[in-house]
Amino acid sequence: VRLRVGDLSRNEFRSHLERAGIGVVIGPFPVKIQARVKGLADPLQHLYRDFPVLDLDRVFAMHLLLEERRRSLGLSRRLVRFSVDGIVPHEDLPAEQALAVLEWGINLVIAFRFHSFLMLHSAVVERHGKALLLPAWPGHGKTTLCTALVHRGWRLLSDEFGLLRQGTTQLVPIPRPMPLKNESIGIIRKFAPEAELGPEIPNTRKGTVAHVRPPSASVIGADEYASPGWIVFPRWVKDAPLILEEAGGAETFMMLATNAFNYEMLGEDAYKSVRDLVDAATSFRMVYSDLDEALSAIDALADGDGAGERQAN
Amino acid sequence: MLWLMAMARVNDKPTEVVRHLLSTGLENPVSLCALTSAELDLTLRVARRASVMGYLAHRLRESGRLNELPQAAIDQLDSAAVDAHARSRVVSWEENRIDWALGDVENYPVVLLKGAAYLALELPNAPGRLLSDLDLLVPENKLRDAEERLDSRGWQFGELTPYDDRYYRLWSHELPPLRHVERETEVDLHHTILQPTSRLSPPATLLFEDARPVPGIRFYVLSPIDMVLHAMTHLFFDGEIADSLRDLLDIDIMLRHFAEREEAFWERIWPRAEELDLTRPTFYGLRYSNRLLGTPVPDYVLRKSYAGAPPAPVRRFMDFLVPKALFPQHPDKPGRWSSLARFLLYIRSHWIRMPPLLLARHLSVKFYVRHLKGRVSRLRPERKSATAGP
């Protein structure tokens with residue numbers, strides 16, 4: 001039986017976090033987090049409740065440190081400094097945003113450091129062993145849709161990264177807290193009252209952010225890869241009627257490739273991976289305004305309609 | 001002074017550990033497979049900082065033993081190799097485009113310097129090396145021609161203050177970096193290998209005389225000895241030394257490589273250093289490559305190189321400073337002494353590049369622009385080093 005973050009007492013967790021650091025498994029990455037920021041330990045422990053704890057005697061993918069700093073001049077505003085392996089990649093931010101700073105920091109480090117994966121910019125969920133990719137530009141409702149899906153029976157692989165190891169089309173899960181922004185927070189509270197949210201963090205560079213705890217089953221099942229099933233490009237448009245139409249292979253290819261984090265860096269290998277992925281999946285464009293409608297349409301795809309259509313071709 | 005150095009030795013245990021791990025790892029990358037998890041973890045963290053992760057990855061792959069390491073290590077090493085490979089692809093393409101842009105200039109050689117040269121010659125230090133820009137050497141009187149040809153085909157100077165522009169043109173050995181408007185790759189055009197205001201003045205004509213064409217492409221490279229001397233000069237006379245372990249590794253690998261292949265390499269290296277007026281950086285290069293990375297330099301060459309050594313107290317002080325600055329700091333326990341060493345070598349790097357009055361003037365203009373006019377200016381073109389990202 002693996003020890004999980006939620007098995008530690010509140011004090012144990014806090015003292016690990018503040019002293020030597022705590023090792024956690026985040027998808028394929030063993031991560032060490034040290035944080036000495038007031039008010040961070042409790043929400044962090046809540047959001048990472050189901051994540052396996054690691055002993056510290058190992059190779060970590062990253063060593064993260066969050067520390068409080070005080071601005072030397074003017075009002076003594078509390079700031080938080082994020083550093084990774086002793087390097088500070090960006091300026092200090094308000095200490096109240098520590099949780100968001102940590103989550104964005106992890107994204108940043110993954111995107112810079114792990115070119116052993118092709119990193120698509122996409123939410124990924126799974127049902128019946130098949131992955132659904134939701135690649136989208138910021139503001140198109142990727143995280144909201146993903147959060148809604150994982151509270152309706154889909155398994156969360158990631159709300160941000162579609163990870164593929166070179167030479168395969170299997171999607172590697174990296175479930176993590178999902179950052180809802182602004183109006184999405186209220187929408188999800190209403191849509192899925194059972195969703196567990198961390199504190200609302202106002203005034204970040206993306207507005208108000210609140211993180212949703214990833215469902216336990218998704219975190220516990222994070223070792224199971226998923227084969228590609230469907231690729232849906234969602235776009236939220238106010239009051240628009242639902243449209244779900246099949247997208248062409250070339251279009252899908254271009255959208256995935258140009259939106260990936262490291263397509264150019266991987267060169268030919270990335271080309272092959274995206275090509276094989278597009279070949280293996282059925283692709284759609286979706287315009288939606290109502291979450292329930294969107295979910296019904298997606299569920300219908302998963303329950304056979306969409307996939308059947310493709311096989312008939 | 002001696003007291004200070006003794007104090008530092010006692011107080012800098014983490015730095016010593018880092019130095020030991022990295023120098024053994026670089027000399028024999030396969031030894032990584034025998035480290036404890038904690039040691040391997042620390043080695044990888046500092047290897048990343050020293051920009052030698054790609055090199056380790058390449059050597060471990062070559063030995064077929066990469067897969068013995070834990071997955072978290074393999075992922076980081078693989079990633080570094082992918083990154084390095086991608087950058088070398090970018091640089092090769094840029095070379096191709098420059099070839100096109102220069103058109104039919106047959107009357108002067110265009111010499112690839114540093115990383116691009118290592119890559120073109122497929123030297124053993126090239127794989128896994130993180131290239132960021134392309135350095136070219138052209139004869140001084142052809143500089144404007146080369147610049148115009150590139151300028152008319154899409155490479156442009158970034159925004160420069162009038163002071164910076166003047167600084168480059170009057171006192172520097174390179175033009176301000178040219179950047180292609182679409183690809184954003186940086187190209188530095190040099191007419192010699194050291195700043196004209198520097199304490200040393202290697203005659204560029206001698207470099208061109210010995211330059212060799214690269215088979216199959218239009219570019220030239222420096223002769224093997226000149227290439228090593230240039231690397232030594234770049235490390236010890238054109239930069240701040242801090243965090244430049246990668247540059248020392250280049251020197252180490254090239255010395256080993258050329259010594260085996262070039263006729264009378266060791267016999268010729270010192271006379272050439274004298275001829276080029278590069279005895280001081282050559283002394284340092286041979287000394288620290290030998291001491292810190294175990295490069296097998298023949299005794300008689302080391303002895304001869306003392307002719308280029310600074311006075312004994314300075315030498316001892318450099319022996320103290322250089323390893324501290326060159327090796328990365330322990331990521332969790334940055335030593336105060338290492339920081340001091342870095343600061344002192346930073347001061348030195350300016351001191352040797354310009355005469356005192358010019359330096360005073362340069363630094364005061366820079367200080368005024370940076371702190372009093374409230375905007376950041378570009379003292380030197382910041383190299384986007386591999387360590388810039390997290």
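In what follows, chains carry the letters A, B, and so on, assigned in the order in which the sequence lines appear, proteins first and then strands, with residues in each chain numbered from 1.
- For chain B, no part of A/Gln34 is nearby; none of its heavy atoms comes within less than 4.5 Å.
- Across A/Val59 and B/Pro70, no two heavy atoms sit closer than the pair CG2-CG, 3.9 Å.
- We find the OG-CG distance between B/Ser79 and A/Leu266 to be 8.5 Å, quoted to the nearest 0.5 Å.
- Within the 4.5 Å cutoff, side-chain heavy atoms of B/Val82 are placed close to those of A/Gln166.
- Taking the side chain as every heavy atom from C-beta outward, A/Phe60 and B/Arg45 never approach each other to under 4.5 Å.
- Within the model, atoms CG of B/Asp78 and NE2 of A/His115 stand 12.0 Å from one another, a figure rounded to the nearest 0.5 Å.
- Each of A/Gly267, A/Gly105, A/Pro30 has some count of heavy-atom pairs under 4.5 Å with chain B, and the biggest count is that of A/Gly267.
- Taking CG from A/Leu65 and CG from B/Asp332, the interatomic distance works out to 8.0 Å, rounded to the nearest 0.5 Å.
- To the nearest 0.5 Å, the span separating NE2 on A/His63 from CG on B/Leu44 amounts to 9.0 Å.
- Counting only heavy atoms from C-beta outward, the side chains of A/Arg165 and B/Asp75 approach each other to under 4.5 Å.
- Annotation: the span from B/Arg49 atom CZ to A/Ile87 atom CD1 amounts to 4.0 Å, rounded to 0.5 Å.
- Rounding to the nearest 0.5 Å gives a distance of 9.5 Å between CG of B/Asp41 and CG of A/Leu56.
- Counting non-hydrogen atoms of neighbouring residues, nucleotides and ligands closer than 6.0 angstrom, the CD atom of B/Glu68 exceeds 12 such neighbours.
- With contacts defined as side-chain heavy-atom distances shorter than 4.5 Å, the pair B/His85/A/Met265 does not qualify.
- Looking at B/Glu39, neither its backbone nor its side chain comes within 4.5 Å of chain A, counting heavy atoms on both sides.
- Residue B/His20 places its NE2 atom among 12 or fewer non-hydrogen atoms of other residues, nucleotides or ligands, all under 6.0 Å distant.
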